Amino acid sequence: MLSTLSQCEFSMGKTLLVYDMNLREMENYEKIYKEIECSIAGAHEKIAECKKQILQAKRIRKNRQEYDALAKVIQHHPDRHETLKELEALGKELEHLSHIKESVEDKLELRRKQFHVLLSTIHELQQTLENDDKLSEVDETQESAMEADPKP
């Protein structure tokens, strides 16, 4: 009986030790569970932060692409200094051409006046020649009439 009692005490001691061990294991599992939950929460935060970084990186990439496109367009155009030089040269050329235009217009006006004077002179000369022809005809008529009419 003593041995049975001893076996029961031994079993009881063993059961108590197993019970204590199970309690410690449950505490350990609870601790591990909380650590895993914290790790999951940290991973979620890290994922959210990474998503923000990805969005920011995408925005930066888009801005860089737009910048590169604008830079290419800008490179096709001359710089301000060259443009101002070209503008100044074109202004000088325009001024020179307007002087030439004025000169040509003055010359054209002079030629018109000279042509008008020439036409007037030609018209007067024509009138004079016609008058001379008429006078010649009148003189010839008078001479032929005098020749036909002997003087008495």
Side-chain angles (χ1 to χ4, degrees), residues 13-152:
K14 188 176 171 183
T15 307
L16 276 175
L17 288 175
V18 169
Y19 177 73
D20 285 339
M21 183 185 74
N22 283 338
L23 285 177
R24 279 183 276 151
E25 282 295 316
M26 281 184 56
E27 287 174 7
N28 189 27
Y29 286 144
E30 286 289 325
K31 184 180 171 185
I32 291 172
Y33 179 74
K34 287 180 182 177
E35 287 177 6
I36 290 173
E37 281 184 351
C38 288
S39 295
I40 289 173
H44 283 297
E45 289 174 10
K46 201 168 190 177
I47 288 171
E49 185 179 324
C50 288
K51 283 182 180 180
K52 288 178 184 177
Q53 288 176 352
I54 287 174
L55 289 175
Q56 185 178 5
K58 284 181 180 180
R59 193 173 335 116
I60 289 171
R61 183 177 179 200
K62 180 183 171 191
N63 290 343
R64 283 186 182 162
Q65 288 175 341
E66 288 177 9
Y67 172 79
D68 289 342
L70 288 174
K72 286 179 184 177
V73 169
I74 289 171
Q75 285 179 350
H76 288 291
H77 297 289
D79 64 358
R80 182 178 298 218
H81 184 66
E82 289 178 29
T83 304
L84 289 176
K85 277 184 178 178
E86 286 180 24
L87 193 59
E88 185 178 328
L90 288 174
K92 287 179 182 178
E93 185 179 348
L94 181 63
E95 186 177 326
H96 177 69
L97 289 174
S98 47
H99 287 306
I100 290 174
K101 179 184 175 188
E102 288 175 15
S103 171
V104 168
E105 285 178 350
D106 291 344
K107 201 173 195 179
L108 180 63
E109 187 62 30
L110 177 67
R111 295 293 185 248
R112 281 185 184 151
K113 288 177 182 177
Q114 289 173 343
F115 187 69
H116 181 67
V117 169
L118 179 63
L119 285 178
S120 297
T121 306
I122 289 173
H123 185 65
E124 287 177 16
L125 183 59
Q126 243 179 353
Q127 287 291 334
T128 306
L129 289 174
E130 286 176 7
N131 288 341
D132 285 349
D133 283 345
K134 287 179 185 177
L135 286 175
S136 294
E137 287 178 13
V138 168
D139 285 344
E140 285 178 14
T141 314
Q142 287 176 355
E143 284 180 18
S144 54
M146 283 188 182
E147 286 179 10
D149 226 8
K151 285 193 180 177

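As the structure is a computational prediction, the values presented were derived from the model and not from experiment.
- Glu124 CD to Leu129 CG: the interatomic distance, rounded to the nearest 0.5 Å, is 12.0 Å.
- Within the 4.5 Å cutoff, the side chain of Ile40 has heavy atoms near those of the His44 side chain.
- By the 4.5 Å heavy-atom criterion applied to side chains, Lys62 and Lys58 are not counted as neighbours.
- Distance CG/Leu70 to CD/Glu66: 7.0 Å, rounded to 0.5 Å.
- Counting only N and O atoms by type, the side chains of Arg111 and Gln114 include a donor and acceptor under 3.5 Å apart.
- Taking CG of Leu125 as the start and NE2 of His123 as the end, the distance is 11.0 Å to the nearest 0.5 Å.
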Salt bridge (Lys or Arg N to Asp or Glu O under 4.0 Å) assessment of Lys134 paired with Glu137: CA-CA 5 Å; Lys134 287 179 185 177; Glu137 287 178 13; over 6 Å; no

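- In this structure, CG in Asp20 is found 11.0 Å from OG1 in Thr15, a value given to the nearest 0.5 Å.
- To the nearest 0.5 angstrom, Leu108 atom CG is 8.0 Å from Glu105 atom CD.
- Each of Ile74, Asp79, Val73 was compared with His77 under the side chain to side chain contact (heavy atoms under 4.5 Å, CB included) criterion, and only Val73 meets it.
- By the 4.5 Å heavy-atom criterion applied to side chains, Gln65 and Arg61 are counted as neighbours.
- The main-chain N or O of His99 is never found under 3.5 Å from a side-chain atom of Ser103 such that the two would form a donor-acceptor pair.
- Glu49 pairs with exactly one of Lys51, Lys46, Gln53 by the side chain to side chain contact (heavy atoms under 4.5 Å, CB included) rule, that one being Gln53.
- Taking CD1 of Ile36 as the start and CD1 of Ile32 as the end, the distance is 7.0 Å to the nearest 0.5 Å.
- Between Glu30 and Lys34 there is no salt bridge, since none of the side-chain N atoms of the basic residue sits less than 4.0 Å from a carboxylate O of the acidic one.
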